**Q** 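The structure's right below; bear with me while I get my questions together.
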Protein chains: 2
Amino acid sequence: MAETLSQTALTLRDIAREAGVSLATVDRVLHNRPGVRPDTVLRVKAAIERNSFQPHVAAAELARGRARRFAFVMPSGSNPFMQQIEAYLGEMSAWLSARRLSVEMVTTDVFDPSVLAGTLEALSGDCDGVAVVALDHPSVRAAINDLVDAGTKVVTLVSDVPSARRHHYVGIDNIAAGRTAGALVGRLVGQKSGKVAIVAGSQGLRDHAERIFGFNQVMASEFPGLSVLPVLEGRDEDERSEQVLARLLGRHADIVGLYNVGAGTPGVANALSDAGRDKQVVFVGHDITVLTRRLLLQGVMDAAISQNPGHEARAAVRVLLALARGEPILREQEKIRIDIVMRDNLP
Amino acid sequence: MAETLSQTALTLRDIAREAGVSLATVDRVLHNRPGVRPDTVLRVKAAIERNSFQPHVAAAELARGRARRFAFVMPSGSNPFMQQIEAYLGEMSAWLSARRLSVEMVTTDVFDPSVLAGTLEALSGDCDGVAVVALDHPSVRAAINDLVDAGTKVVTLVSDVPSARRHHYVGIDNIAAGRTAGALVGRLVGQKSGKVAIVAGSQGLRDHAERIFGFNQVMASEFPGLSVLPVLEGRDEDERSEQVLARLLGRHADIVGLYNVGAGTPGVANALSDAGRDKQVVFVGHDITVLTRRLLLQGVMDAAISQNPGHEARAAVRVLLALARGEPILREQEKIRIDIVMRDNLP
DNA sequence: CTCAAAATGAGTTGCGTACCTCAAAACACC
DNA sequence: GGTGTTTTGAGGTACGCAACTCATTTTGAG
C-alpha cells in the first residue's frame with residue numbers, strides 16, 4: 001500500500017568512512033582527478049554505488065559558486081516561433097536568477113554559414129553553454145566542434161546538425177512531423193480524391209526538406225487517391241508565398257489539400273480566401289501563433305503541427321544546465337513532442 | 001544583437017547594507033518573522049525590489065537542510081495510466097535524491113470517498129506535500145482542506161476537486177478533451193452519417209462526465225449527420241466494456257464512430273474486432289499504453305487523446321517542490337496539454 | 001635496501017542562506 | 001525619570017560540497 005521511492009541522507013563523509021578512505025580521496029574519485037590507484041577508485045565507486053549516493057545538488061552548486069552563462073543564438077528577423085522562444089526565456093528570468101544563471105540572446109543571420117560560424121566562434125570562452133538554431137553546413141559544423149572542444153556545452157535547437165559533436169538536440173523529428181501532416185491532410189480530406197499542394201520556405205532547409213519527405217511518404221503509401229503537386233517555395237515570406245500559391249490555385253480547380261511546411265502563413269491564408277476556397281481545402285500548417293490560432297478558430301486552418309516553443313526554450317536551458325553540472329539528462333522530459341493542434345485543443 | 005536576460009550576484013549582505021540594517025533584520029523581513037517596525041520592513045523590501053534580489057535557491061536549500069517528503073495517493077488496481085505515472089516517478093529517483101526529496105506512493109481505493117478521506121487524513125503531519133487523484137466528494141474535499149490547513153501542500157492530479165482549497169491542479173481540461181475527441185470522430189468519419197457510441201467508466205466520475213459533456217457539445221453543434229447513442233458504462237473494466245459494446249454493435253448496424261472515454265480499451269477493441277467492424281468504425285480513445293499504441297499502428301484505433309503521464313508526474317513533483325520552497329510556479333510549464341496522437345506522431 | 005614518485009590523509013576555507021541567541025538600543029507609557 | 005516592551009544589531013553555527021594545500025604513507029623500480 002505504501003512504497004517509498006528514493007531517499008538519501010548520506011554525505012560524502014559517510015561514503016569515505018564506508019570505503020575506508022579520506023574525504024579527499026572520495027573527492028578525487030568523484031571528479032576524476034588524478035592520483036588515485038585504480039583499485040581504490042573501484043572501492044570508492046563501489047561504496048557510492050552500494051548506497052546509491054548522489055551529491056547534494058544544492059551544496060555542490062553553492063560550493064562551486066560560479067554563475068553560469070548561456071547564450072542562445074537565434075535567427076534575426078521576425079520569425080514568430082523564435083520570438084516565442086525568446087518570450088518564454090524572459091518569463092524564466094526569476095527562475096534563472098535564483099539559480100545564478102544568465103542567458104544571453106544573440107541574434108544573427110543563421111542562413112549565412114560564415115556569419116553564423118563567426119558568431120559561434122566569438123562566443124568561445126565566455127560561455128558555459130550555447131543553444132543554437134543551426135544550419136547544417138561544414139563551417140557551422142566546424143564552429144560547433146570547436147566550441148565543444150573548448151569545453152562549452154552545445155545544444156542544437158529546432159534544427160539539428162547531426163554530423164557535429166553537439167551534446168544534444170532539442171527539437172522534433174521533422175520526418176515524423178511531415179508524416180503526421182500527411183496523415184492529417186489525407187484523413188481529413190476523406191473520401192474525395194484530388195490534388196494536394198505544398199508550400200515550403202526552401203527545400204534547402206534541412207527541417208523543411210525532412211517534413212516534405214515524410215509528407216510524401218504517407219501520401220504515396222496511404223492515400224493513392226490524392227496526387228501531390230510540385231513543392232512551391234515561398235522563402236518563408238508572406239507575399240511570395242501568397243503569389244505562388246495564388247497562381248497554383250488558379251491553375252488547378254481540384255486542389256483538396258494544402259500543407260504549409262514553414263512560415264509565411266499569412267500569405268498562404270490570403271491566397272486561399274481570396275480564391276474563395278478557404279473552407280473547401282483542407283489546410284494543415286505548423287506552429288501556434290496569434291494568426292494560426294485565429295485561422296484554426298475560423299475553420300480556415302484544419303490542424304497545426306506544433307512544437308511547444310515554451311517547452312523547447314525550457315528544455316534547452318535545463319539540458320545546458322544538466323550538462324554543465326554533469327548531471328544526467330532526463331531524456332523523456334526533454335524530448336519535444338509533435339503536437340497536433342485542432343480548434344478544440346488549442347493551448 | 002546581444003541582450004542579456006537576468007543576472008544577479010547580490011547577496012543578503014548587500015541588501016542589508018543598502019537598506020542600512022543588519023542581516024538579521026533582512027532575514028526577518030524575508031521570512032515574515034515578527035519584530036520589525038513597518039517602516040523598516042518597507043525600507044528593506046524596497047531595497048530587495050530595487051535590486052530585484054532573489055535568494056540563491058541552492059544556498060537556501062542547503063541552509064534549510066531539511067529533506068522533503070511528498071506522497072502520491074493513487075488508485076489501487078491496474079490502471080495502466082497510473083502505472084505509467086508511477087514508472088516515471090521511478091525514473092526520477094536520481095533527480096529526486098540529488099535534491100533530498102523522497103516520494104512515497106500510497107495506493108488506495110480512490111472511488112470510495114471515506115476510504116480516500118481516511119488515507120489523506122493519515123498523511124497529515126508526516127508529509128510536506130501530497131499529490132492526489134481525487135474524487136470530488138464532500139468528505140474528500142474536507143480531508144484536502146484539513147491537509148492544507150495543517151500546512152501541507154496539496155496538488156490534485158488528473159482529476160480535480162475545484163471546490164477544495166488545493167494549491168494546484170495538474171491535469172487537463174477534460175471538457176476540452178471531450179470536445180477534441182468529438183471533433184476527431186466527426187472529421188474522421190467524413191461525409192457519412194450514422195450513429196456514434198460512447199463507452200465510459202462511469203458518468204459519476206468527474207473527468208468522464210466532463211469529457212462526455214464536451215463530446216456531445218461538438219457532436220450536436222457541428223456534426224448534425226451523426227447521432228450519439230446513450231452512454232454505455234463499463235466501469236473501466238475490460239470484460240464489462242466488451243459485453244455492453246458487443247450488445248450495442250449487434251443492435252445497430254450503422255455505427256460509424258466510437259468514443260472510449262476511460263480505460264477498458266482491451267474490451268472495447270475486442271468487441272469491435274469480434275464484430276468484424278474494427279476498420280469501418282472510427283475509434284477514438286484515451287491515453288497511450290502498450291495496447292493503444294498497437295491498436296493505433298494496426299489502424300484499429302484512429303486517434304488517442306493523451307495527457308503525457310511523464311509530464312504529469314514531473315509537473316506534480318515540481319509544483320509541490322516550488323510550493324514547499326515558496327518559489328513561484330511556472331504556470332506555462334506545468335500546464336498539461338491535450339495531446340492528439342495518431343499513428344505517425346506516436347511518442 | 002634505497003629513493004623518488006605516486007597515493008593518500010588531514011585539514012582549511014568559502015559558497016549564501018536559515019535559524020538561533022543575547023545584548024543593546026529605541027521606544028512607549030505612566 | 002523610571003519602567004517595561006519592542007525593535008534592532010552583532011554574532012555564531014550549521015548545511016554538504018568543491019577545491020585546494022601540505023604532510024605523510026605506500027609503492028615500485030632499480
Side-chain angles (χ1 to χ4, degrees), chain A residues 7-45 47-48 51-68 96-101 128 324-327, chain B residues 7-45 47-48 51-68 96-101 128 324-327:
Chain A
Q7 76 288 44
T8 318
L10 297 181
T11 71
L12 276 187
R13 222 177 289 293
D14 302 307
I15 299 301
R17 186 155 19 82
E18 170 132 357
V21 298
S22 73
L23 261 174
T25 302
V26 179
D27 183 69
R28 290 181 185 113
V29 171
L30 221 47
H31 300 91
N32 302 310
R33 281 189 256 275
V36 186
R37 231 181 309 143
D39 60 301
T40 311
V41 172
L42 286 181
R43 223 167 62 235
V44 173
K45 285 196 170 165
I48 291 175
N51 300 285
S52 58
F53 168 79
Q54 291 273 125
H56 191 315
V57 284
E61 197 58 20
L62 185 57
R64 197 174 288 114
R66 238 175 64 240
R68 302 187 186 278
L96 290 169
S97 70
R99 287 160 182 76
R100 300 303 183 262
L101 304 175
D128 301 281
R325 285 181 177 169
E327 288 181 51
Chain B
Q7 75 288 43
T8 319
L10 295 182
T11 73
L12 274 188
R13 220 167 235 85
D14 301 307
I15 299 300
R17 187 156 17 84
E18 169 131 358
V21 298
S22 73
L23 260 174
T25 302
V26 179
D27 182 70
R28 289 179 185 116
V29 172
L30 221 46
H31 299 90
N32 303 310
R33 278 189 258 276
V36 185
R37 233 181 304 143
D39 61 301
T40 312
V41 172
L42 286 180
R43 222 166 65 235
V44 173
K45 285 197 170 166
I48 290 176
N51 300 286
S52 57
F53 168 79
Q54 292 271 126
H56 191 316
V57 283
E61 199 57 20
L62 183 57
R64 197 172 288 116
R66 235 174 69 239
R68 301 186 188 280
L96 290 168
S97 69
R99 286 160 184 75
R100 299 303 182 264
L101 304 175
D128 302 281
R325 285 181 177 169
E327 288 181 50

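All figures in this text were calculated on a predicted structure; none of them were measured in a lab. We name chains A, B, ... by the order of the sequence lines, and we start the count at 1 in each one.
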**Q** State the pairing partner of dG9(C); accept Watson-Crick or G-U wobble contacts with both distances under 3.5 Å, and report none otherwise.
**A**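 Its partner is dC22(D).
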
**Q** Please report, rounded to the nearest Å, how far the C1' atom of dG16(D) is from the CZ atom of Arg64(A).
**A** 12 Å

**Q** Is a side-chain donor or acceptor of Arg99(A) paired with a backbone partner of Leu96(A) at a separation under 3.5 angstrom?
**A** no

**Q** Contact class for Ala24(A) vs. all strands (heavy atom < 4.0 Å): base, sugar-phosphate, or nothing?
**A** base

**Q** For a quick test of reading the model, state the closest non-hydrogen atom pair linking Ala19(B) to Val44(B) and the distance between them.
**A** CB-CA, 4.1 Å

**Q** With nearest nucleotides of DNA chain D determined for Pro38(B) and Ala63(B) from heavy-atom distances, which residue corresponds to the more 5′ nucleotide?
**A** Pro38(B)

**Q** Work out which heavy atom in Gly20(A) is nearest to a heavy atom in Arg43(A); give both atom names and the distance.
**A**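 Residues Gly20(A) and Arg43(A), closest heavy atoms: O-NH2, 3.9 Å.
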
**Q** Would you classify Leu12(B) as touching base, sugar-phosphate or nothing, given that sugar-phosphate means primed atoms plus P, OP1 and OP2, and contacts are heavy atoms under 4.0 Å?
**A** sugar-phosphate

**Q** OP1 or OP2 of dG11(D) less than 4.0 angstrom from a side-chain nitrogen or oxygen of Ser22(B), does that happen here?
**A** no

**Q** Which heavy atom of Phe53(B) sits nearest to which heavy atom of Leu30(B), and what is that distance?
**A**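 Result for this residue pair: CE2-CD2, 4.3 Å.
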
**Q** Is there a side-chain contact (heavy atoms from CB on, under 4.5 Å) between Arg68(B) and Glu61(B) once you walk through the steps?
**A** CA-CA 10 Å; Arg68(B) 301 186 188 280; Glu61(B) 199 57 20; 3.6 Å; yes

**Q** Rounded to whole Å, how long is the line connecting atom CZ of Arg100(B) with atom P of dA14(D)?
**A**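 So the two atoms are 19 Å apart, to the nearest Å.
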
**Q** Under 4.0 Å: is that the gap between some side-chain N or O of Arg37(A) and OP1 or OP2 of dT26(D)?
**A**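 So the side chain of Arg37(A) is outside the cut-off, no N or O lying under 4.0 Å from OP1 or OP2 of dT26(D).
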
**Q** Would you please test Glu327(A) and Gln54(A) for side-chain contact (heavy atoms from CB on, under 4.5 Å) and show each step?
**A** CA-CA 10 Å; Glu327(A) 288 181 51; Gln54(A) 291 273 125; over 6 Å; no

**Q** Is any side-chain nitrogen or oxygen of Thr25(B) closer than 4.0 Å to OP1 or OP2 of dT7(D)?
**A** no

**Q** Got a sec: does the CZ of Arg33(B) have more than 12 other heavy atoms crowding it under 6.0 Å?
**A** yes

**Q** Reckon His56(A) has a side-chain N or O less than 4.0 Å from the OP1 or OP2 of dC15(D)?
**A** no

**Q** What is the distance, to the nearest angstrom, from the CD atom on Glu327(A) to the P atom on dC17(D)?
**A** 14 Å

**Q** Of all the choices, dG9(D), dC17(D), dA19(D), which nucleotide is nearest to the side chain of Asp27(A) once you look at every atom?
**A** dA19(D)

**Q** DNA chain C: Arg43(A) or Leu62(A), which has the more 5' nearest nucleotide?
**A**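 Final value for this comparison: Arg43(A).
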
**Q** Roughly, in whole Å, what's the span from CZ in Arg13(A) to C1' in dA14(D)?
**A** 12 Å

**Q** Which heavy-atom pair separates Ala67(B) from Asp128(B) by the least distance, and what is that distance?
**A** O-OD2, 4.1 Å

**Q** Let me know, please, whether Leu30(B) or Arg28(A) comes out on the 5' side of the other along DNA chain C by nearest nucleotide.
**A** Arg28(A)

**Q** On DNA chain D, nearest-nucleotide positions of Asp39(B) versus Ala59(B): which is more 5'?
**A**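 Per heavy-atom nearest nucleotide, the more 5' residue is Asp39(B).
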
**Q** Tell me the interatomic distance from Leu23(A), atom CG, to dC20(D), atom C1', rounded to whole angstroms.
**A**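 From Leu23(A) CG to dC20(D) C1': 13 Å.
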
**Q** Starting at atom CD1 of Ile48(A), determine the distance to atom C1' of dC17(D), rounded to an integer number of angstrom.
**A** 13 Å

**Q** When you list every nucleotide of DNA chain C with an atom under 4.0 Å from a heavy atom of chain B, which one comes first 5' to 3', and which comes last?
**A**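 Listing 5' to 3', DNA chain C meets chain B from dG16(C) to dC19(C).
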
